Amino acid sequence: MVKDRIIKIYDALSDRYGPQGWWPVIKQIKKGEFGCFYHKNDFSFPKNKDELFEICVGAILTQNTSWKNVEKALINLKNAKMLNCDSIIKANKETIGELIKPSGYYNQKSERLKIFAEWFNSLKKDPTREGLLTLKGIGEETADSILLYGFSIPSFVVDAYTKRILSNLSLINENSSYGEIQRLFESTLPRDFRLYQEYHALLVEHAKHFYMKKQNKEDFLLSLS
DNA sequence: TTCCAGGCAATAC
DNA sequence: GTATTGCATGGA
């Protein structure tokens with residue numbers, strides 16, 4: 001049964017990789033120097049509103065972009081004292097674009113950050129998925145990441161890795177929709193944001209270890225024939 | 001040099 | 001409704 005395997009896969013990944021501590025947050029290493037860190041076994045993040053905003057910014061910047069590049073962009077913003085909602089609202093797109101350049105698509109992303117900041121600023125209570133999805137630049141995965149890691153609301157995040165792993169294990173069809181995959185997890189697992197956070201992070205970790213880049217994979221297969 | 005990365009919106013059919 | 005394309009940088 002598929003649902004049993006969803007549980008067993010979590011246990012196996014958890015045994016293999018241990019606690020993940022997502023979402024990584026910026027921390028001061030020493031005076032004037034910042035780094036990005038995970039926080040294993042600590043689910044008390046985000047600690048404040050700026051940190052919450054930072055997680056949302058990271059979720060937008062990491063769209064189709066490696067996290068390493070996003071870190072550079074986040075640290076640029078932090079050094080410029082602009083990793084907060086007010087600063088993003090006040091700054092012009094060109095200024096933001098220059099700082100987030102390492103994360104790619106900087107013209108689109110700087111506009112999307114400004115749209116998001118306006119919305120974030122007028123937020124009175126916890127957001128809904130539907131509300132987030134009305135924003136230009138926020139699709140399903142980004143909305144779920146913001147809900148799950150920013151607001152600690154159990155909304156399972158489905159990304160390209162999740163799809164690839166489940167498809168490889170024949171647990172889903174190649175062309176299953178986002179919603180179908182999300183429902184598979186959400187109808188199987190206890191509704192606990194900590195579990196959802198760890199599970200998604202573990203899938204990404206496993207994919208990074210196990211799945212090789214296309215070219216390397218082909219070379220690997222060729223070497224066996 | 002080519003390919004890829006923790007997607008999304010606009011456009012085309 | 002589903003398929004394709006543009007967006008951009010840095011690392012392997």
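By convention in this document, chain letters (A, B, ...) are assigned in the order of the sequence lines, proteins followed by strands, and residues within each chain are numbered from 1. This one's a predicted model, so the numbers in the text were calculated from it and none came from an experiment.
- Look at K72(A) and you'll find a side-chain N or O under 4.0 angstrom from OP1 or OP2 of dG11(C).
- Between Y17(A) and the choices H206(A), E205(A), H209(A), the side-chain hydrogen bond (donor to acceptor under 3.5 Å, both in side chains) rule is met once, by H206(A).
- Comparing the P positions of dA8(C) and dT11(B) gives an interatomic distance of 16 Å, to the nearest angstrom.
- With contacts defined as side-chain heavy-atom distances shorter than 4.5 Å, the pair I55(A)/I146(A) does not qualify.
- Across the protein-nucleic acid pair, E111(A) atom CD and dA10(B) atom C1' stand 13 Å apart, rounded to whole Å.
- Taking atom CD1 of I181(A) as the reference point, atom P of dG7(B) lies 13 Å away to the nearest angstrom.
- Taking the six-membered ring for Trp and the full ring otherwise, W67(A) and W23(A) have centroids separated by under 6.0 Å.
- Within the 4.0 angstrom heavy-atom criterion, base atoms lie near Y105(A).
- Toward the 5' end of DNA chain C, the nearer of the two residues N64(A) and K68(A), judged by each one's closest nucleotide, is N64(A).
- I100(A) has its CD1 atom 16 Å from the P atom of dC7(C), to the nearest Å.
- In this structure, K47(A) satisfies the cation-pi test against F45(A), with its NZ or CZ atom closer than 6.0 Å to the six-membered ring centre and inside 45 degrees of the ring normal.
- Out of dC8(B), dA5(B), dC7(C), the shortest distance to the side chain of T142(A) is found at dC8(B).
- Residue E174(A) contributes atom CD, which lies 12 Å from atom P of dA3(C) at whole-angstrom precision.
- K109(A) comes within 4.0 angstrom of no nucleic acid atom, judged by non-hydrogen atoms across all strands.
- With rounding to whole Å, K208(A) atom NZ is found 17 Å from dC4(B) atom P.
- Among the protein residues, F116(A) comes within range of no part of the nucleic acid, since none of its heavy atoms lies under 4.0 Å from any strand.
- Comparing dC8(B), dG10(C), dA5(B) by their closest approach to the side chain of N69(A) singles out dG10(C).
- Nearer the 5' end of DNA chain B, as judged by each residue's closest nucleotide, is the contact made by H200(A), out of H200(A) and L133(A).
- For the pair Q63(A) CD and dG10(C) C1', the interatomic distance rounds to 18 Å; values are reported in whole Å.
- Distance from the side chain of S66(A) is smallest for dA5(B) among the nucleotides dA5(B), dG7(B), dA10(B).
- Distances shown here put a side-chain N or O of N107(A) below 4.0 Å from the OP1 or OP2 atom of dA8(C).
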Review point. F151(A) and F193(A): ring pair (Phe, Tyr, Trp, His ring centres under 6.0 Å), yes or no, with the steps?
Key: CA-CA 9 Å; F151(A) 291 89; F193(A) 80 89; over 10 Å; no

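- Regarding I138(A), its CD1 atom lies at a distance of 8 Å from the P atom of dA9(B), rounded to whole Å.
- L135(A) comes within contact range of the sugar-phosphate backbone alone, with a heavy-atom separation under 4.0 Å but no base atom that close.
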Exercise for review: Decide salt bridge (Lys or Arg N to Asp or Glu O under 4.0 Å) for E111(A) and K114(A); before the verdict, give the C-alpha distance in whole Å, the side-chain angles of both, and the deciding distance to 0.1 Å.
Suggested key: CA-CA 5 Å; E111(A) 183 182 0; K114(A) 286 190 70 66; over 6 Å; no

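- Phosphate proximity of dA5(B) to R164(A): present, with a side-chain N or O under 4.0 Å from OP1 or OP2.
- In this structure, the nucleotide among dC7(C), dT9(C), dA10(B) sitting nearest to the side chain of Q108(A) is dC7(C).
- Here dG7(B) presents its C1' atom at 11 Å from NZ of K163(A), a figure rounded to the nearest Å.
- No engagement by I60(A) is indicated, since no non-hydrogen atom pair under 4.0 Å with the nucleic acid exists.
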